Amino acid sequence: NRMAERVADVVKSLMKMGMMVTQNQPIDADTAELIIEEFGHRIQRVSDADVEDVIQQIVDKEEDLKSRPPVVTIMGHVDHGKTSLLDAIRKTSVTTGEAGGITQHIGAYQVATESGAVLSFLDTPGHAAFTSMRSRGAQVTDIVILVVSADDSVMPQTIEAIAHAKAAEVPMIVAINKCDKPDADPQKVRTELLQHEVIVEEFSGDVQDIEVSAITGQGLDDLLEAIALQAEILELKANPDRAAEGAVIEAQLDVGRGPVATVLIQKGTLKRGDIFVVGEQWGKVRALVNDKGERVDEAGPSVPVEVLGLNGTPEAGDVLNVVDTDAQAREIAEYRAHAAKEKRATAGAATTLDQLLAKAKADENVAELPILVKADVQGSAEAIIQAMEKIGNDEVRVRVLHYGVGAITESDIGLAEASGAPVIGFNVRANSPARSSANQKGVEIRYYSVIYDLVDDVKAAASGLLSAEI
Ligand code: GDP
């Protein structure tokens with residue numbers, strides 16, 4: 001079809017080459033290439049690299065970079081006050097910000113601190129959102145606020161949140177919440193965090209800790225200033241004058257408006273009329289709506305906006321790229337949809353120890369073997385960690401992303417997938433949602449009851465990494 005040649009001629013040519021095929025039979029790419037040349041047409045091999053090349057991989061010059069607001073995610077144990085804190089922070093900004101500003105839920109919002117710094121908050125608390133974004137390749141969070149209730153202290157999901165932030169190498173600020181309560185014990189929170197290698201400033205560490213109350217508003221300004229300070233240290237920058245790139249925070253099909261996506265712009269400036277591709281979808285920006293429900297003409301780095309004008313609904317974590325033409329946008333979107341379908345068809349284990357090995361051999365930079373450990377009791381978990389730390393040397397090391405006590409959960413699988421790590425169960429099993437999630441995501445779970453066996457296997461995998469280096 002593309003060559004505008006008659007089928008009979010193509011079949012005849014193939015036969016001359018010794019291939020007895022009919023018109024409905026697929027042929028391999030190399031044969032196709034020969035045939036195309038034979039007929040005097042130009043060949044364009046469409047691979048990931050070719051199609052995605054259209055997306056301009058602009059290397060920003062240092063002088064074009066301007067400072068941008070930090071993007072903040074709130075994590076912590078259930079009921080420790082994540083939602084209340086997000087609401088309280090938003091209200092602070094409404095009263096101190098422009099008059100009558102009615103915030104609208106678009107998945108993220110911006111506030112200004114008293115000293116004038118602007119901060120962007122992701123409005124979806126919790127780890128699930130954080131890991132699912134990461135596993136799709138979108139790293140949007142610059143700073144994690146770890147909320148710990150002063151009347152409940154460190155709990156399982158607090159520990160998980162710490163693991164998530166550490167795995168993503170995102171700095172944390174501890175918000176010790178519910179300090180208005182009579183039984184609040186902030187010092188207990190600080191001490192317990194020590195056991196998880198979170199050392200707050202009061203204990204001469206480098207993690208800022210702020211006592212707050214989402215109910216009375218106590219400490220909120222200090223928290224915002226702490227974020228602004230952390231952002232300054234990070235020296236966050238982006239080039240606002242280029243084709244926009246951003247990440248989808250959430251997306252849905254709106255009855256009146258069609259597919260709508262909230263996108264956090266990461267580079268460049270998204271403008272009305274821009275043509276873009278986002279995951280397997282594409283579109284042309286028909287309207288942009290900010291977090292106050294106002295229509296805007298453009299959105300720059302770290303600004304969350306609702307984007308209208310999509311041809312379909314993308315997924316959270318999908319990356320949006322502005323391209324030059326409709327045709328390019330459509331081609332990339334279609335190519336990705338096709339590739340994703342093929343990948344689903346051949347879905348198998350994605351992160352087994354063996355594959356990590358193969359990956360290490362292909363990529364010389366991988367000298368780290370990430371693993372996640374769940375054990376029956378704290379003592380054995382610690383013994384495993386110590387044994388793991390002994391494995392490896394300067395060139396290769398085992399990196400324990402997270403360890404904990406209890407059954408392997410869905411959250412563990414999410415973290416493992418996002419970091420490409422297998423999950424080790426020591427005298428514990430995975431619960432059933434975790435098992436099906438692991439199957440679906442291709443995360444390997446290995447069970448052990450003897451530390452020696454575990455050490456042996458990990459050693460073998462790590463020495464594989466080592467030999468790959470040489
Ligand atoms: P989340 O599950 O972490 O999002 O927690 P929520 O924000 O839903 O809060 C759980 C409960 O704690 C709610 O009943 C809140 O009213 C209460 N709460 C949250 N923050 C505070 C606080 O600073 N002080 C007090 N006394 N209660 C709070």
Side-chain angles (χ1 to χ4, degrees), residues 71-96 103-109 111 113 119-133 140-141 143-166 168 170 172-190 192-193 196 198 200 202 207-227 249-250 262 291 304 316 402 404 406 409-412 414-415 433:
V71 179
V72 185
T73 299
I74 296 197
M75 297 209 271
H77 195 71
V78 63
D79 279 346
H80 278 195
K82 297 181 291 295
T83 315
S84 308
L85 210 53
L86 277 163
D87 287 348
I89 292 168
R90 196 191 341 225
K91 276 195 207 107
T92 324
S93 82
V94 174
T95 47
T96 58
T103 52
Q104 159 182 334
H105 176 89
I106 68 164
Y109 62 82
V111 302
T113 68
L119 318 173
S120 300
F121 281 86
L122 294 191
D123 209 355
T124 35
H127 324 154
F130 187 76
T131 27
S132 75
M133 302 264 298
V140 293
T141 303
I143 298 168
V144 164
I145 303 300
L146 180 69
V147 181
V148 190
S149 174
D151 68 344
D152 203 20
S153 203
V154 172
M155 296 299 278
Q157 283 169 285
T158 315
I159 300 167
E160 272 174 30
I162 295 169
H164 285 294
K166 284 193 172 165
V170 174
M172 261 180 294
I173 295 174
V174 178
I176 306 176
N177 192 31
K178 307 200 188 182
C179 283
D180 59 293
K181 285 195 153 186
D183 55 344
D185 188 353
Q187 205 61 8
K188 183 166 170 238
V189 173
R190 294 186 183 97
E192 287 191 5
L193 284 172
H196 302 281
V198 177
V200 298
E202 200 170 304
V207 178
Q208 298 189 79
D209 59 306
I210 316 290
E211 292 182 15
V212 299
S213 164
I215 301 294
T216 67
Q218 168 204 339
L220 289 188
D221 286 338
D222 296 337
L223 177 63
L224 296 185
E225 294 303 343
I227 299 169
I249 306 298
E250 51 179 47
T262 298
D291 56 347
H402 173 52
T409 64
E410 253 185 302
S411 162
D412 296 326
L415 177 57

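Counting starts at 1 for both ligands and their atoms, following the listed order. This structure is a prediction, so every number in the text was calculated from the model and none was measured.
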>> Just to verify, what does T262 make a side chain to side chain donor-acceptor pair (under 3.5 Å) with, not counting sequence neighbours?
In response: none

Residue [X] vicinity, atoms of ligand 1 by number, heavy atom under 4.0 Å:
X: K82; value: 1 (P), 2 (O), 3 (O), 4 (O), 5 (O), 7 (O)
X: H77; value: 3 (O)
X: V78; value: 2 (O)
X: A214; value: 20 (N), 22 (C), 23 (O)
X: D79; value: 1 (P), 2 (O), 3 (O), 5 (O), 10 (C), 12 (O)
X: K181; value: 26 (N)

> If you round to the nearest 0.5 Å, how far is CD1 of I176 from NZ of K188?
Replying inline: 12.0 Å

>> Return the CG to CG distance between D180 and D151, rounded to the nearest 0.5 Å.
In response: 9.0 Å

> Charged N to carboxylate O under 4.0 angstrom, R90 versus D123?
Replying inline: yes

> Pick one: which of V147, I89, N177 meets side chain to side chain contact (heavy atoms under 4.5 Å, CB included) with V212?
Replying inline: N177

> Do the side-chain N and O atoms of S84 and D87 include a donor-acceptor pair separated by under 3.5 angstrom?
Replying inline: no

>> Counting only heavy atoms closer than 4.0 Å, does ligand 1 sit against the backbone of D180, its side chain, both, or neither?
In response: side chain

